[in-house]
Amino acid sequence: MTDTTEAAPDQAAPAAPAAAKDGGKPRARRIGLWLLAAVVVVGVAVWAVFHFLLATPQEETDDAYVAGDVVAITARDPGTVLAIHADNTQTVRAGEPLIALDPATSDVALASAAADLAKAVRATRSSFTAVGANDAEVAQAEARLAEARGDLARRQGAASAGAISGEELSHAQDQVRVATANLALARSHRVQARNTVEGTTVETNPAVQAAIAAYRRAAITMSHMRITAPVAGVVAQRTVQIGQQVAAGTPLMAVVPIDRLWVDANFRETQLRDLRIGQPATVTADMYGDDIVYHGRVVGLGAGSGNAFALLPPQNASGNWIKITQRVPVRIMLDRRELAANPLRVGLSVAVTVLTGDQSGARIGQPASAAYPALPDAARDPAVEAAIRRIIAANR
């Protein structure tokens with residue numbers, strides 16, 4: 001009994017520290033949770049301060065795509081394709097040849113027009129000469145009439161004295177009537193000749209002007225046998241083949257000027273309130289990732305949502321109507337230098353962020369302006385005008 005009673009205190013002694021250890025674990029856990037909660041609260045507060053108070057107002061969307069002009073190359077006159085100077089994916093400069101059509105028929109038409117112009121100049125020159133000839137004819141008819149009247153006056157005096165017969169007097173009167181008719185006819189011819197050339201020169205005569213217009217038309221048709229690039233860019237959608245007979249208006253290929261691309265960002269209608277023309281924007285393309293950032297500016301907002309211009313617009317008056325947040329395209333023009341350093345392609349997906357802090361710009365688009373310089377007027381080609389002047393000078 002003595003040994004058992006003395007051993008009990010020794011066995012109970014180690015249990016006290018264990019109980020103290022178990023009681024400290026919940027306290028430490030509570031302290032850790034409070035510290036974690038404090039860190040979360042502080043993080044949320046810092047994020048709220050930077051997001052709502054210090055961050056620049058902006059609107060973002062990833063419903064955005066690269067867009068650009070797709071310049072259609074079509075045949076303006078019928079012809080047979082003799083050569084193709086550019087193919088898909090190749091770059092061309094403005095004015096470089098793309099397609100050559102057979103010029104045989106147009107060359108013949110131009111030569112015929114040149115001959116018609118020469119004939120018109122010669123005919124007009126003859127008309128001017130005819131006016132002088134008609135003036136001489138009128139003068140001659142007037143002299144003959146004066147002579148006939150003088151003969152009639154003398155015979156009338158002689159007839160009163162009984163020196164000539166009545167038949168001779170009647171013959172003299174007939175001569176006066178014939179001379180008067182001849183004078184009237186000559187004057188009519190002079191008026192007709194003058195009406196042909198009066199108030200004009202050889203160059204401004206209507207017949208010559210018509211021939212000049214025909215020559216220009218033939219020259220224009222001949223120029224259409226050589227199809228050139230209207231803008232610089234990359235060739236795409238080539239469908240024409242060597243030897244193909246093409247009609248006027250047939251699509252042959254397209255040229256995409258990739259240095260003049262823009263982004264159509266489709267923002268939700270709830271994001272449009274603060275968007276203004278001229279606001280800066282940043283663009284990242286899925287093609288390059290976030291490492292390359294393009295900079296641009298807002299240049300215009302669409303005139304309506306995509307549904308409004310769809311082929312089959314929605315009928316909201318129907319019974320099964322469901323309200324859907326609409327999107328409106330916003331055009332963002334990109335920096336051409338950045339496009340040259342990292343080219344994009346039409347149709348690529350991009351993400352857009354527009355900084356809306358500056359709201360001094362307009363809400364509607366800018367006034368219309370020419371995106372590209374006007375093409376040269378084929379009807380006033382200096383070489384054609386020089387050829388016309390040479391033909392006129394050679395036949396005057």
Task: Nearest atoms (heavy-atom pairs only) where V352 meets A64 - done: CG2-CB, 3.7 Å
Open item on the list: Regarding R268 and E59, does a basic nitrogen lie under 4.0 Å from an acidic carboxylate oxygen?
Closed with: no
Task: Polar side-chain atom of R336 near backbone of D259 as donor-acceptor pair, under 3.5 Å - done: yes
TODO: Determine whether V330 and M333 fall in the same hydrophobic cluster, where Ile, Leu, Val, Met, Phe, Trp and Tyr are linked whenever their side-chain heavy atoms lie under 4.5 Å apart.
DONE: no
- [ ] Working to the nearest 0.5 Å, report the span between CG of L117 and OH of Y215.
- [x] 8.0 Å
TODO: Output yes when a side-chain donor or acceptor of R327 lies under 3.5 Å from a complementary backbone atom of N266, and no otherwise.
DONE: yes
Open item on the list: Are V234 and M253 linked, directly or through intermediate hydrophobic residues, by side-chain heavy-atom contacts shorter than 4.5 Å (ILVMFWY only)?
Closed with: no
Task: side chain to side chain contact (heavy atoms under 4.5 Å, CB included) evaluation trace for W262 with V66 - done: CA-CA 6 Å; W262 63 85; V66 179; over 6 Å; no
Task: Beyond-backbone contact of S106 with M225, side-chain heavy atoms, under 4.5 angstrom - done: yes
Open item on the list: Any side-chain to backbone donor/acceptor pair from T356 onto P57? Under 3.5 Å, distance only.
Closed with: yes
Open item on the list: Could you walk me through whether L98 and I73 satisfy the side chain to side chain contact (heavy atoms under 4.5 Å, CB included) test, starting with their C-alpha distance in whole Å, then the side-chain angles of each, then the deciding distance to 0.1 Å, before giving a yes or no?
Closed with: CA-CA 9 Å; L98 297 177; I73 307 299; 4.0 Å; yes
TODO: Compare all side-chain heavy atoms of L272 with those of V328 and state whether any distance is below 4.5 angstrom.
DONE: yes
TODO: Answer with yes or no whether the hydrophobic clustering places V299 together with L355; edges join I, L, V, M, F, W, Y residues whose side-chain heavy atoms lie under 4.5 Å apart.
DONE: no
- [ ] Spell out, as yes or no, whether a donor-acceptor pair under 3.5 Å connects the side chain of T124 to the backbone of A120.
- [x] yes
TODO: In plain terms, say whether D69 and R260 are close enough for a salt bridge, that is, a side-chain N and a carboxylate O under 4.0 Å apart.
DONE: no
Open item on the list: Can you tell me how far apart OG1 (T284) and CG (D62) are? Round to the nearest 0.5 Å.
Closed with: 9.5 Å
TODO: Could you pull out all residues at least two apart from H85 that satisfy side chain to side chain donor-acceptor pair (under 3.5 Å)?
DONE: none
Task: Residue from V44, V40, V46 passing side chain to side chain contact (heavy atoms under 4.5 Å, CB included) with V42 - done: V46
Task: Verdict with reasoning, L101 to V81, per side chain to side chain contact (heavy atoms under 4.5 Å, CB included) - done: CA-CA 4 Å; L101 301 180; V81 178; 3.7 Å; yes
Task: From CG (N88) to OG1 (T239), nearest 0.5 Å - done: 9.0 Å
Task: Co-membership, hydrophobic cluster, residues V346 and L339, 4.5 Å side-chain - done: yes
TODO: Taking the side chain as every heavy atom from C-beta outward, state whether R238 and L252 have any atom pair closer than 4.5 Å.
DONE: no
TODO: Please answer whether the main-chain N or O of E203 pairs with a side-chain N or O of Q209 as donor and acceptor at a distance below 3.5 Å.
DONE: yes
Task: Over all atoms of both residues, closest heavy-atom pair of I392 and V208 - done: CD1-CG1, 4.5 Å
TODO: Can you measure from OG1 (T105) to CG (D77) and round to the nearest 0.5 angstrom?
DONE: 11.0 Å
Open item on the list: A side-chain contact here means heavy atoms from C-beta on lying under 4.5 Å apart; do P280 and V354 qualify?
Closed with: no
TODO: Without swapping roles, check the side chain of Q326 against the backbone of I324 for a donor-acceptor pair under 3.5 Å.
DONE: yes
Task: Closest approach of V384 to A219 (non-hydrogen atoms, all atoms of both residues) - done: CG2-CB, 3.7 Å
Task: Closest non-hydrogen atom pair, V255 against A232 - done: CG1-C, 4.3 Å
Task: Backbone of N342 reached by a side-chain donor or acceptor of Y294 within 3.5 Å - done: yes
Task: Note, L344 side chain near Y288 side chain (heavy atom, < 4.5 Å) - done: yes
- [ ] Please assess E60 against Q58 for the test side-chain hydrogen bond (donor to acceptor under 3.5 Å, both in side chains), listing each intermediate value before the final yes or no.
- [x] CA-CA 7 Å; E60 301 177 353; Q58 62 187 27; 2.8 Å; yes
Open item on the list: I'd like to know if M287 and L334 are part of one continuous hydrophobic network [Ile/Leu/Val/Met/Phe/Trp/Tyr, side-chain heavy atoms within less than 4.5 Å].
Closed with: yes
Open item on the list: Filter on salt bridge (Lys or Arg N to Asp or Glu O under 4.0 Å), then keep only pairs touching residues 350-368, sequence neighbours left out; what's left?
Closed with: none
Open item on the list: Quick check against the 3.5 Å criterion: does E96 have a side-chain atom that pairs as donor or acceptor with the backbone of A229?
Closed with: no
Open item on the list: Please evaluate residues V298 and R331 with respect to the criterion side chain to side chain contact (heavy atoms under 4.5 Å, CB included), reporting the C-alpha separation (whole Å), side-chain torsions for both, the decisive distance (0.1 Å), and the verdict.
Closed with: CA-CA 6 Å; V298 177; R331 176 166 294 192; over 6 Å; no
Open item on the list: Strictly distance-based, threshold 3.5 Å: is any side-chain N or O of S223 a donor or acceptor partner for the main-chain N or O of I220?
Closed with: yes
- [ ] Quick one: closest heavy-atom pair of N395 and V121, and the distance?
- [x] O-CG1, 3.4 Å
Task: Distance-minimising heavy-atom pair for A114 and I391 - done: CB-CD1, 3.8 Å
Open item on the list: List the residues meeting salt bridge (Lys or Arg N to Asp or Glu O under 4.0 Å) with R337, not counting sequence neighbours, and say none if there are none.
Closed with: D335
- [ ] Decide if atom CD1 of I364 counts as having more than 12 heavy atoms of other residues, nucleotides or ligands within a radius under 6.0 Å.
- [x] no
Open item on the list: Has R276 got a side-chain atom pairing as donor or acceptor with G278's backbone, closer than 3.5 angstrom?
Closed with: no
Task: Distance in Å, I332 CD1 paired with Q279 CD, rounded so as to fall on 0.5 Å steps - done: 10.0 Å
Open item on the list: Once rounded to the nearest 0.5 Å, what's the spacing between atom CD1 of I227 and atom OG1 of T74?
Closed with: 7.5 Å
Open item on the list: Please check if the number of heavy atoms outside Q237 that lie under 6.0 Å from its CD is greater than 12.
Closed with: no
Task: D290, CG atom: more than 12 neighbouring heavy atoms under 6.0 Å - done: no
